[in-house]
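Everything on this sheet refers to the single structure shown next.
The chains referred to below are lettered A, B, ... by the order of the sequence lines, with proteins before strands, and numbering in each begins at 1.
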Number of protein chains: 2
Amino acid sequence: MKPVTLKQIAETLGLSVATVSKALRNYPDVSEKNKKLVNDLAKSLNYVPNPSAVNLRTQKSKTIGVIIPATVHHFFSNVINGILEVAEKEGYLVILMQSNENYELEKRHVDLLINKNVDGILMSLSNKTNNFSHIKKILDFGIPLTLFDKISKSVNCSKVIIDDKTAAYNAVTYLIKKGHKKIAHFRGDLIPQNSIDRFLGYKQALIDNNIPYDASLVFMCNNNNDFKDGYNAAKILHKNFGDSVDAIFCITDVVATGALKYFRDNSIKVPEDIALFGFSDWFMSSVITPTLSTVHQPGFEMGKESAKILLDEINNKYKGKTVSYKTVVLDTKLVIRESC
Amino acid sequence: MKPVTLKQIAETLGLSVATVSKALRNYPDVSEKNKKLVNDLAKSLNYVPNPSAVNLRTQKSKTIGVIIPATVHHFFSNVINGILEVAEKEGYLVILMQSNENYELEKRHVDLLINKNVDGILMSLSNKTNNFSHIKKILDFGIPLTLFDKISKSVNCSKVIIDDKTAAYNAVTYLIKKGHKKIAHFRGDLIPQNSIDRFLGYKQALIDNNIPYDASLVFMCNNNNDFKDGYNAAKILHKNFGDSVDAIFCITDVVATGALKYFRDNSIKVPEDIALFGFSDWFMSSVITPTLSTVHQPGFEMGKESAKILLDEINNKYKGKTVSYKTVVLDTKLVIRESC
DNA sequence: TTGTAGGCGTTATCAA
DNA sequence: TTGATAACGCCTACAA
């Protein structure tokens, strides 16, 4: 079974390919009679235009590319979900690629997508990405780009983010209001904006509440295995500070879960001995013991919003409108559970 | 900036498009001198063939389509991971689509992929799919297809699965050996083969160990929200049987987690009062309290294996070889933790 | 060894 | 109102 082509329809109807094409696209200069004839036959044969031919001709592919650091991630799965929902509604296909937090791979993926002629690109940067020539290349090719979550401020394009700093600030402030005084921070890598902003929010909250910032209370979790990182950081913290630290603000729920595991292994009670605050609101956080307080990060909405903005930009580009970049900041909220 | 074309290379070099094309593809009938000239220039200009043109000409798209029920799912995320890894290595792009356990949507997705001219399709059926005309259509179009995990025995194509029945049998047998006598089963929908096979494994294990099968101990969890389903089933079980049931074999970890939550809410101790066994080995299961015993389901390997088989089949098809379908059964293993 | 020409399926211009 | 024709970019049989 082979797909039906315009030519076949034209031949069986004794018309020219041109007329058939125009009839299908409802051009005004085709007789109603022929329009009906063509459309009826097309429908009965399940005619669908060959996308490669259309793409070659129109330079549009009805396809968008998505590059994310990792799929096995509650947050990103939700983002993908949101993207797929919007794309599907608008008839766009989604090519998914994964950088595995690897800059070189991310670069290769970008090249592939450009070559593949995608209409637009949606992207969340890897933690290791600190050079943006590949991103600039996307823009040079005039391909609409929307960055989400892991963005870079130095790239000029539309962005969808949360206010990491404020979210972190609110979380830490909550801990302080609850009476915690010596609050550690398990932070992420130095490069990603998220990681920086959450750290800054943590610091600011301390300062605004007259708690001196102590750099030795900040632990790096950047070995690409959040759970272990959290476990190890908790171990070191415990070794260095005994039980003098009374709360930890963690960069992600998984880091917090790792810490939790260490504390349980060592009979340290959460939240009695030490309080824990996570970030992201993975499903897991609502079912572990104790349930984890965290910052809810709207992954699904982020995916939807990013896709909408991108498709808008694509449409405007095709209409010849000038595009203006926008940055959308989505709301987060604190989810208070048992761990603090 | 526009992509470079053969024509441009030909013009700057004063050669014909044909020669340039042949030079790039290393045809024997092009002079070494010109080959070098062409290839050097192509490289320096970052020439890449226009995929739509190639596709139109060769009828190959170097793209495969993937349809899964849901992305927000530890198991499927891992599968996607495996697929992406293999596809990327072979230079294939992956179009991802999600059926949301919806038959109609799944059908539409299949049509889109066929129209899009993908070289092959990888697919895990929705729980609601009990009509396979859309799958047959894929085969009718001669598009290689590999089904994984959620398959149908009545479709004639390659498959990658686990032995659900044996895995379930082993899990339940383990529970019996531990001394449990009244073992309930929280099962899934009636349609999916997985759900059926896990149920059959459960039943067989009972019978082989001289425990009479009792249909009233089997609870349906098919409202598309595993966690709630598990919670509710536990509630009903508790109401109907008090504490006489001493173990539950659950169709998924999430169902088990839901049940666990109910028991915790009602001060019923796991595993002391009732043992729990899950299925899938989500990350979550290793961090909840108590940690959950479960069947490890190799998602990553399944993705890799499925993609390999599909790409093999695609290659064989292009080489004109006859393809033979194969069914690969991946190993599972019991992961024993604290819940039983 | 090189180049011409036809065609993949579609769209768009322009002449009939 | 219709249709021939060129073009999108590439590949390849065949002619030069």
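- Regarding Glu11(A), its CD atom lies at a distance of 11 Å from the P atom of dG9(C), rounded to whole Å.
- Contact annotation: side chain of Lys22(B) to base of dG3(C), donor-acceptor pair present below 3.5 Å.
- Note on Tyr47(B): a side-chain N or O is less than 4.0 Å away from OP1 or OP2 of dC10(D).
- Of the candidate nucleotides dC8(D), dG3(D), dT4(C), dC8(D) has the atom nearest to the side chain of Lys7(B).
- Between Tyr27(A) and the phosphate of dA12(C), there is a side-chain N or O to OP1/OP2 separation shorter than 4.0 Å.
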* To do: Begin from the C-alpha positions of Met123(A) and Ile68(A) and carry the test side chain to side chain contact (heavy atoms under 4.5 Å, CB included) through to its verdict.
  => CA-CA 6 Å; Met123(A) 176 163 188; Ile68(A) 56 171; over 6 Å; no
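- Between Thr19(A) and dT2(D) there is no side-chain N or O to OP1 or OP2 distance below 4.0 Å.
- Considering only the side chain of Ala18(A), dG3(D) comes nearest among dG3(D), dT12(D), dG3(C).
- Looking at Ile309(A) and Lys326(A), their side chains come closer than 4.5 Å, going by heavy atoms from C-beta outward.
- Residue contacts shown for Val17(A) include a base, since a base heavy atom lies under 4.0 Å away.
- Looking at the side chain of Gln59(B), the nearest of the listed nucleotides dT10(C), dC8(C), dT2(C) is dC8(C).
- Closest to the Leu56(B) side chain, of the nucleotides dA12(C), dG9(D), dT10(C), is dG9(D).
- Of the side-chain N and O atoms in Arg25(B), one or more sit less than 4.0 angstrom from OP1 or OP2 of dT12(D).
- One side chain, Lys150(A) or Asn127(A), offers a donor N or O that lies under 3.5 Å from an acceptor on the other.
- Across all strands, Ser21(A) comes closer than 4.0 Å to base atoms (heavy-atom distances).
- Mapping Asp29(B) and Ser52(B) onto DNA chain D via the closest heavy atom, the residue that lands nearer the 5' end is Ser52(B).
- Looking only at atom types and distance, the side chain of Asp119(B) has a donor-acceptor partner in the side chain of Tyr318(B) under 3.5 Å away.
- Within 4.0 Å (heavy atoms only), Leu6(A) reaches at least one base atom of the nucleic acid.
- The distance from atom CD of Glu305(B) to atom CZ of Phe148(B), rounded to the nearest 0.5 Å, is 13.0 Å.
- As judged by a 4.0 angstrom heavy-atom cut-off over every strand, Asn50(A) is placed among residues touching the sugar-phosphate backbone only.
- For the pair Gln8(B) CD and dA7(D) C1', the interatomic distance rounds to 15 Å; values are reported in whole Å.
- Distances shorter than 4.0 Å separate some side-chain N or O of Ser31(B) from OP1 or OP2 on dT2(C).
- Rounding to whole angstrom units, CG of residue Leu24(B) and P of dC10(D) are separated by 9 Å.
- Taking only side-chain nitrogens and oxygens, Asn34(B) comes nearer than 4.0 Å to OP1 or OP2 of dT2(C).
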